[in-house]
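Side-chain atoms are counted along with the backbone in the values below, which use heavy atoms only and exclude waters and symmetry mates. Nothing fancy with the numbering, it's 1 onward along the sequence.
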Amino acid sequence: QVQLAESGGGVVQAGGSLTLSCSASGRLYSSHLIGWFRQAPGKEREFVAARRWNDNRSYYSESVKGRFTISKDSARNAVSLQMNGLKPEDTGVYYCARANGYSQQPSDYYIWGQGTQVTVSS
């Protein structure tokens, strides 16, 4: 079974950059979709980005398109999320998760990491 762990969160000023990593323990298959979600206090969990493990196609929410980039690090069995031009509204706990196929719905993801906090100050 696969377990996921996020890292790389922290505090950054608006306009800054941060890179998160989702490290997988266990085997990931080419058909698996790895997604990033975020959740701010008192708000619902929100889709951010996703990609298949062995596919270069990527998907982004409109709120992060053009600013965030999702990529795979095969050597580390990980998926990264590079975040540029950060805004205060990007603040939240960021989670990575696995689904069997493309989806933006949290309920379609089966395995979740513990989350990493991202705080963007103004």
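- Nearest heavy atoms, R51 versus I70: CG-CD1, 3.7 Å.
- Within the structure, the salt bridge (charged side-chain N to carboxylate O under 4.0 Å, His left out) test picks out the following pairs touching residues 67-90 (sequence neighbours left out): R38-D90, R67-D90, D73-R76.
- Listed here is the closest heavy atom pair of T69 and Y60: CA-OH, 3.3 Å.
- Taken together through direct or relayed side-chain contacts under 4.5 Å among Ile, Leu, Val, Met, Phe, Trp and Tyr, V93 and L81 form parts of separate hydrophobic clusters.
- Minimum heavy-atom separation, Q117 to T91: NE2-CG2, 4.1 Å.
- Taking the side chain as every heavy atom from C-beta outward, F68 and L20 never approach each other to under 4.5 Å.
- No donor-acceptor pair under 3.5 Å is formed between the side chain of T19 and the backbone N or O of Q82.
- For A40, the side-chain contact (heavy atoms from CB on, under 4.5 Å) criterion is met by K43, not counting sequence neighbours.
- Take R98 and apply the salt bridge (charged side-chain N to carboxylate O under 4.0 Å, His left out) test, not counting sequence neighbours, and it matches no residue.
- Partners of K65 by salt bridge (charged side-chain N to carboxylate O under 4.0 Å, His left out), not counting sequence neighbours, listed by chain and number: E62.
- Here the CG atom belonging to N54 is positioned 7.0 Å from the OG atom belonging to S74, to the nearest 0.5 angstrom.
- You'll find the side chain of L18 reaches within 4.5 Å of the side chain of V118, heavy atoms only.
- Not a single side chain to side chain donor-acceptor pair (under 3.5 Å) links D55 to another residue, sequence neighbours left out.
- Residue pairs meeting the side chain to side chain donor-acceptor pair (under 3.5 Å) criterion with at least one partner in residues 104-113, sequence neighbours excluded, are Y102-Q104, S103-D108.
- For S17, the side-chain contact (heavy atoms from CB on, under 4.5 Å) test picks out N84, with sequence neighbours left out.
- The hydrophobic clustering, which links ILVMFWY residues whose side-chain heavy atoms are closer than 4.5 Å, places I34 and F37 apart.
- Every side-chain contact (heavy atoms from CB on, under 4.5 Å) that S61 has, sequence neighbours left out, goes to F47, S63, V64.
- Proximity of a side-chain donor or acceptor of E6 to a complementary backbone N or O of T116 within less than 3.5 Å is not detected.
- Applying the side chain to side chain donor-acceptor pair (under 3.5 Å) test to Q114 and every residue at least two apart in sequence or in another chain returns nothing.
- Q3 is linked by a side chain to side chain donor-acceptor pair (under 3.5 Å) to nothing, counting only residues two or more places apart in sequence or in another chain.
- Every residue was checked against the side chain to side chain donor-acceptor pair (under 3.5 Å) condition with Y95, not counting sequence neighbours, and none meets it.
- Side-chain atoms of T119 and V12, non-hydrogen and from C-beta on, never get closer than 4.5 Å to each other.
- Residues meeting the side-chain contact (heavy atoms from CB on, under 4.5 Å) test with V2, sequence neighbours left out: L4, A24, L28, I111.
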Task: Stepwise side chain to side chain contact (heavy atoms under 4.5 Å, CB included) test for N100 and L33 - done: CA-CA 6 Å; N100 290 330; L33 192 85; over 6 Å; no
